[in-house]
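Numbering starts at 1 and runs along the sequence shown. Counting starts at 1 for both ligands and their atoms, following the listed order.
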Amino acid sequence: MKVLITGSSGLIGSEAVSYYDREGFEVHGIDNNMRREFFGPQGDTRWNLERLRKATRSFHHHELDIRDRQKILDLFKQEKFDAIVHCAAQPSHDKAREIPFVDFDVNAVGTMNLLEATRQTRPDAVFLFMSTNKVYGDAPNELPLKELPTRWDYARTEDFNGIREDCRIDRTLHSLFGASKTAADVVAQEYGRYFGMNVGIFRGGCLTGEHHSGVQLHGFLSYLVKVARAGEKYTIIGYKGKQVRDQIHSADVLAAFAEFTKKPRPGEVYNLGGGRANSASILECITKIEALLGKKVNWTYDEKARSGDHICYISDLGKLKSHFPNWKITRSLDQILETMVKAQFKAQF
Ligand SMILES: NC(=O)c1ccc[n+]([C@@H]2O[C@H](COP(=O)([O-])OP(=O)(O)OC[C@H]3O[C@@H](n4cnc5c(N)ncnc54)[C@H](O)[C@@H]3O)[C@@H](O)[C@H]2O)c1
């Protein structure tokens, strides 16, 4: 079995490379280290590529750009992949406004290039697309909220489990990043619904893990741990630091992909995050990190919230769990943080 992973040097892509290599697949990865172009040296993913090269048995790296339609098609014709895990992206809200065409070309057109290459070469392949909760724009902010001492939370009991897939995706403020990902999300649904292909769309909450090249504009928890350990200053942006995110470790993302691959449902969308149990505000994350590091985190506060930023976002995992009862979160937020802190110390020595 042959699998193609795009964004293979990134957080989710690299987890996918390790996972499928362990499972005995022939693994092909596409990554052009564009994260460095987006975010500078701190976003460089070459270290992760080198780690994968050493740790895998059957991994073939392709230094390709998903925007290059012809080269992508040539690779698909040559290799005829059984499964495609699409994780390459321009992943940041704030970055997108500086590079609107690049953002759209990578996120929307790049996704279309991959879907169409799959349709032309192996329409029966499984195609897993990593979408985002930003497809909902700021619609989740319309839910009634209550302010607690360290976090915002949903005010109504019926919202306790979080945001479901039936939350609307239009007539809401997305940011250009949210819009380019929504375009890709809808096109991917169409390749499932219209063409009947085995496409699954996963709308990520906060995806995290020790293999993220965290930067200020993307990879919140990874960046926070990095800055805290180095004793540098972290800036909390808006909502009093009480904004809530649900954190899922990259390994649990892959476990969901594996379940979908066994029993694909064409064009289905799923919310995929840490859920209520793994949700925390920035202030709560800082307290946990302080306990792990044994020192105070140096932070400052900028009152002006990011445009369209979620105040409280928790993924309702009910649909995913009902379709795939074997899937569950296996890593708690505390375990995730512990692993990330340990990895940071290891990287230092
Ligand atoms: N990390 C999160 O919190 C989060 C949340 C929701 C959704 N997502 C989505 O999940 C996916 C994976 O996210 P991640 O955190 O692993 O991102 P990441 O930035 O760590 O990985 C993406 C990789 O894609 C590569 N890449 C970018 N443009 C490319 C191009 N044109 N051609 C080839 N390679 C290219 C980058 O170099 C990078 O290594 C993305 O689609 C992202 O939008 C992430």
Seminar exercise, completed: If you compare A184, S131, P91 by their heavy atoms, the one closest to atom 7 (C) of ligand 1 turns out to be S131

Exercise. Quick one: does L11 get an N or O within less than 3.5 Å of an N or O on ligand 1?
Worked result: yes

Seminar exercise, completed: Atoms of ligand 1 under 4.0 Å from any heavy atom of N33, numbered from 1 in the order shown, are 37 (O)

Exercise. Does OH in Y194 sit with more than 12 non-hydrogen atoms of other residues, nucleotides or ligands closer than 6.0 Å?
Worked result: no

For this session: Report, as yes or no, whether the 6.0 Å neighbourhood of atom NZ on K71 holds more than 12 heavy atoms from other residues, nucleotides or ligands.
Result: no

Problem set entry | Test log, rule side-chain contact (heavy atoms from CB on, under 4.5 Å), inputs H212 and L207 | CA-CA 9 Å; H212 220 180; L207 320 179; over 6 Å; no

Exercise. Should we say atom NZ of K295 is surrounded by more than 12 heavy atoms from elsewhere, each under 6.0 Å from it?
Worked result: yes

Exercise. Counting from 1, what ligand 1 atoms have a heavy atom of L64 closer than 4.0 Å?
Worked result: 32 (N), 33 (C)

Problem set entry | Enumerated ligand 1 atoms positioned under 4.0 Å from heavy atoms of S9 | 39 (O)

Problem set entry | R151/S279 under side-chain contact (heavy atoms from CB on, under 4.5 Å): CA gap, chis, key distance, verdict | CA-CA 10 Å; R151 64 152 72 189; S279 70; 3.4 Å; yes

Exercise. Can you tell me the protein heavy atom closest to atom 21 (O) of ligand 1 and the distance?
Worked result: G10 CA, 3.3 Å

Exercise. Can you tell me which residue and heavy atom of the protein come closest to atom 32 (N) of ligand 1, and the distance to 0.1 Å?
Worked result: I66 N, 3.1 Å

For this session: Measure the distance from atom 18 (P) of ligand 1 to every protein heavy atom, then report the residue, atom name and distance (to 0.1 Å) of the closest one.
Result: R35 NH1, 3.6 Å

Exercise. Taking atom types as modelled, is there a side-chain donor on E37 or N33 under 3.5 Å from an acceptor on the other?
Worked result: no

Exercise. Can the positive tip of R119 be found less than 6.0 Å from the middle of the six-membered ring of Y191, inside 45° of the ring normal?
Worked result: no

Problem set entry | ligand 1 N/O within reach of M34 N/O, cut-off under 3.5 Å | yes

Exercise. After noting the C-alpha distance and the side-chain angles of R46 and D44, does the key distance pass the salt bridge (Lys or Arg N to Asp or Glu O under 4.0 Å) rule?
Worked result: CA-CA 6 Å; R46 291 280 179 231; D44 198 308; 5.1 Å; no

Problem set entry | Distance from atom 12 (C) of ligand 1 to nearest protein heavy atom, with residue and atom | C87 O, 3.3 Å

Exercise. Do D302 and T235 get their side chains close enough for a donor-acceptor pair, meaning under 3.5 Å?
Worked result: no

Problem set entry | side chain to side chain donor-acceptor pair (under 3.5 Å) assessment of D74 paired with Q70 | CA-CA 6 Å; D74 291 345; Q70 191 55 50; 3.0 Å; yes

For this session: Salt-bridge test for K288 and D334: reply yes if a basic N is under 4.0 Å from a carboxylate O, no otherwise.
Result: yes

Seminar exercise, completed: The atoms of ligand 1 lying under 4.0 Å from a heavy atom of M130, numbered in the order shown, are 9 (C), 10 (O), 11 (C), 41 (O)

Exercise. Do any nitrogen or oxygen atoms of I30 come within less than 3.5 Å of a nitrogen or oxygen of ligand 1?
Worked result: no

For this session: Output the list of atoms in ligand 1 that are nearer than 4.0 Å to some heavy atom of N32, sorted by atom number.
Result: 26 (N), 29 (C), 30 (C), 31 (N), 32 (N), 33 (C), 34 (N), 35 (C)

Exercise. Can you list the ligand 1 atoms lying under 4.0 Å from a non-hydrogen atom of G204?
Worked result: 6 (C)

Problem set entry | Crowding at CZ, R168 (>12 non-hydrogen neighbours, <6.0 Å) | yes

For this session: Decide whether an N or O pair under 3.5 Å exists between I12 and ligand 1.
Result: yes

For this session: For D159, enumerate each residue passing the side-chain hydrogen bond (donor to acceptor under 3.5 Å, both in side chains) test, keeping only those at least two apart in sequence or located in another chain.
Result: R156

Exercise. Non-hydrogen atoms of R203 versus ligand 1: any pair closer than 4.0 Å?
Worked result: no

Exercise. When you measure from atom 27 (C) of ligand 1 to every protein heavy atom, which one gives the shortest distance, and what is it?
Worked result: A89 O, 3.4 Å

For this session: Taking only heavy atoms of D65 into account, list the atoms of ligand 1 that are under 4.0 Å away from them.
Result: 30 (C), 31 (N), 32 (N)

Exercise. Can you tell me which residue and heavy atom of the protein come closest to atom 41 (O) of ligand 1, and the distance to 0.1 Å?
Worked result: K181 NZ, 2.6 Å

Seminar exercise, completed: atom 15 (O) of ligand 1 has as its nearest protein heavy atom H212 NE2, 2.9 Å

Seminar exercise, completed: The single option from D185, T132, N271 that satisfies side-chain hydrogen bond (donor to acceptor under 3.5 Å, both in side chains) with R203 is D185

Problem set entry | Proximal ligand 1 atoms for G205, defined as those under 4.0 Å from one of its heavy atoms | 3 (O), 5 (C), 6 (C)

Exercise. Could an N or O of ligand 1 be found under 3.5 Å from any N or O of G13, whether backbone or side chain?
Worked result: no

Exercise. Would you say L207 has any N or O atom under 3.5 Å from an N or O of ligand 1, going by distance alone?
Worked result: yes

Exercise. Does a donor on one side chain sit under 3.5 Å from an acceptor on the other, for S180 and N107?
Worked result: yes

Exercise. Which protein non-hydrogen atom lies closest to atom 38 (C) of ligand 1, naming both residue and atom, and how far is it?
Worked result: D31 OD2, 3.4 Å

Exercise. So, is Q90 polar-close to ligand 1, with some N/O to N/O distance under 3.5 Å?
Worked result: no

